[in-house]
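First the proteins, then the strands, lettered A, B, ... as listed; each starts at 1. Keep in mind the model is a prediction, meaning the values are calculated, not measured.
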Protein chains: 2
Amino acid sequence: MSLRHAILVLLQDEEASGYDLAREFANSIGLVWNATHQQIYLELGKLNEQNMVHYRHVPQDGKPDKKLYRITDEGRQELVRWLRRPAAPARVRDAFMVKVAGGALADPETLLGELDQLVQQRKERLANFEAEARKLERQSEGNSRFQHLTLRRGILDQEAWLAWAEEVREVLEDTLNHQH
Amino acid sequence: MSLRHAILVLLQDEEASGYDLAREFANSIGLVWNATHQQIYLELGKLNEQNMVHYRHVPQDGKPDKKLYRITDEGRQELVRWLRRPAAPARVRDAFMVKVAGGALADPETLLGELDQLVQQRKERLANFEAEARKLERQSEGNSRFQHLTLRRGILDQEAWLAWAEEVREVLEDTLNHQH
DNA sequence: ACGACCATGTAACAGGTTACATGATTCT
DNA sequence: AGAATCATGTAACCTGTTACATGGTCGT
């Protein structure tokens, strides 16, 4: 149960709304920990009850009002306690990989099509991460080195995936040629 | 809901018990899709009810009896249907990465210790994958090229992680030196 | 003696997903 | 006219985890 800790880590640097957090989970941190807005609103509610975060209500015009959350001392203490405990082992759930493993049954054209789409997505993500990393490299305050590491992880991960995708493409194209 | 499909993919090549599958999920496929024995036994039960797998009861001496499952035609059809549908986006849950992102609050010694342990684990996994890959390269039948791709993914993933870990180590050691 | 391996399962609970609900503004 | 963005939430449902339960063999 450490969605709460991921949220606390994000709130360490900035005041944010549930919506803001959902965006971050969809982008940068999403590679490492993902969550939908429903989960996030729920967890923010609990964290607030337990005094680990506080919020202020911000009315806006043209847009719906929002709640800006920030971490409390209690929240920071909880984070520190969690950081000391050994991390739960990493888990992955990658359906496309399962497909490749079962590739003999699939038809190669469809898989190639899907591969192309995923390559496209990963390349975009890679470009985003690289742009963000360059931004961070220019300004170096407190936590930025650690944020930079998160981005580096994202970059290395995309690169590894793309290299692998090329190997997959070769095998699929080969399978295709031998069918004719 | 595609634990069922991961199981069907594994059963494509071989007859296996729930226990066998659990071992595979813990090792090779685990990097890509993880599941505990409880989940697996439950899912095998459902798959059996729906005639997607069948099993034969195998008495053993010295060891408990086991059920060896194999995929049925219906199961294979279901797999093919699933392979045609676009895969659900990959999800990750890596608590250690979240820790690194919140690194400013953590004490570097503890994180370095944990990093060392994880590096150790990943190196072992890498060695395993490489050994398995070499085995597969010698024998090349039907599905082995796709199994090989799965292993390649594992290998590239470990390598990328280890490269990243070195960057993390540098930052942590640096933080440590500046504290004194 | 003690732990690891083989082998299967049930039950309670926590976590996560999908569907539903609302509504103004801005871009295409 | 339609889709996307901002912004919050509830409820039903499905999935996944943790705890419990059993018991023989083999290696150290």
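Rounded to whole Å, the distance from NZ on B/K46 to C1' on C/dT10 is 14 Å. The nearest whole Å value for the distance from the CG atom in B/D61 to the C1' atom in D/dG24 is 11 Å. As rounded to whole Å, 10 Å separates atom P of D/dT17 from atom CG of B/L3. Taking atom OH on A/Y69 and atom P on D/dA7, their separation rounds to 13 Å, with Å as the unit. Rounded to an integer number of Å, the gap from B/N34 CG to C/dG15 P is 16 Å. The CG atom of A/L42 sits 19 Å away from the P atom of C/dC20 (whole-angstrom rounding). With rounding to whole Å, B/E43 atom CD is found 14 Å from C/dT10 atom P. To the nearest angstrom, P of C/dA19 lies 19 Å from OH of A/Y41.
Residue A/R23 places none of its side-chain N or O atoms closer than 4.0 Å to OP1 or OP2 of D/dA7. For D/dT15, the OP1/OP2 oxygens have no side-chain nitrogen or oxygen of B/Q39 closer than 4.0 Å. Using a 4.0 Å cut-off, some side-chain N or O of B/Q60 falls inside it from OP1 or OP2 of C/dA7.
Across every non-hydrogen atom of B/W33 and B/S2, the tightest pair is CH2-OG, 3.3 Å.
In the set C/dT8, C/dT17, C/dC6, the nucleotide with an atom closest to the side chain of B/K63 is C/dC6. Of all nucleotides listed (D/dT18, D/dT8, C/dG23), C/dG23 comes nearest to the side chain of A/P64. Checked against D/dT8, C/dT10, C/dC6, the side chain of B/Q38 finds its nearest nucleotide in C/dT10. For A/T36, whose side chain is taken as the heavy atoms from C-beta onward, the closest listed nucleotide among C/dT18, C/dG15, D/dT8 is C/dT18. When distances are taken from the side chain of A/K67 to each of D/dG9, D/dT5, C/dA7, the shortest belongs to D/dG9.
Between A/H148 and B/E167, the side chains place no donor N or O within less than 3.5 Å of an acceptor N or O (distance only, hydrogens not considered).
Salt-bridge annotation for A/D174 and B/R145: present, with a side-chain N of the basic residue lying under 4.0 Å from a carboxylate O of the acidic one. Ion pairing between a basic and an acidic side chain is recognised when a charged N comes within 4.0 Å of a carboxylate O; B/E49 and B/K46 show no such pairing.
Each of A/G62 and B/D20 was assigned the nucleotide of DNA chain C with the nearest heavy atom; the assignment lying further toward the 5' end belongs to B/D20. When each of B/H37 and B/R91 is assigned the nucleotide of DNA chain D bearing its nearest heavy atom, the one mapping closer to the 5' terminus is B/R91.
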request  = Please lay out, stage by stage, how A/R125 and A/Q120 fare under the test side chain to side chain donor-acceptor pair (under 3.5 Å).
outcome  = CA-CA 9 Å; A/R125 231 189 257 173; A/Q120 193 65 29; over 6 Å; no

